[in-house]
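Below: the structure, in structure tokens.
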Amino acid sequence: MTPSDPLPFPARVLQFVVRGVMLLSALVIAAVLLSVALVWLVWGVLKALVTGRKPAPWAAFEQYKRYTAQRVWPKPGQQDAGTPYNPSRRHALTDVEDVEVVRETPRVPPEAR
């Protein structure tokens, strides 16, 4: 049999059946995922209606919008949210002093060693 010859009848039937099973399983998986997403959405809306609170994704997004509008998160180099951003202080360093700490008393009592 050469590559240009058509497949024999049983191989074509098997190929058709395998393709049909794969397509059917893909459709079932897609339908299950969509139904789970729909149930999750309905559950969230019903929970929000019963409790009177906004769903968590919406509340988090609104909180993010509110914080960015208020400039709560400081930009790089900014000391706190109240001070205006100054690009010249971006590379400002605070020098610290290296001090050796010597303990006069042991941390663990001698009887516990």
So for atom CZ, which belongs to Arg12, do other residues, nucleotides or ligands contribute more than 12 heavy atoms lying within a distance under 6.0 Å?
yes
With clusters defined by side-chain heavy atoms of hydrophobic residues (ILVMFWY) lying less than 4.5 Å apart, directly or transitively, does Val36 cluster with Val28?
yes
Measuring from atom OG1 of Thr51 to atom CG of Leu46, what distance do you get when rounded to the nearest 0.5 angstrom?
10.5 Å
Rounded to the nearest 0.5 Å, how far does CD1 of Ile29 lie from CG of Leu34?
12.0 Å
Kindly work out whether a path of hydrophobic side-chain contacts (I/L/V/M/F/W/Y, heavy atoms less than 4.5 Å apart) joins Trp40 to Val32.
no
Linking Ile, Leu, Val, Met, Phe, Trp and Tyr through side-chain heavy atoms less than 4.5 Å apart, which residues share a cluster with Met22?
Leu14, Val18
Between Leu49 and Leu41, is there shared hydrophobic-cluster membership here, with clusters defined by ILVMFWY side-chain heavy atoms closer than 4.5 Å?
no
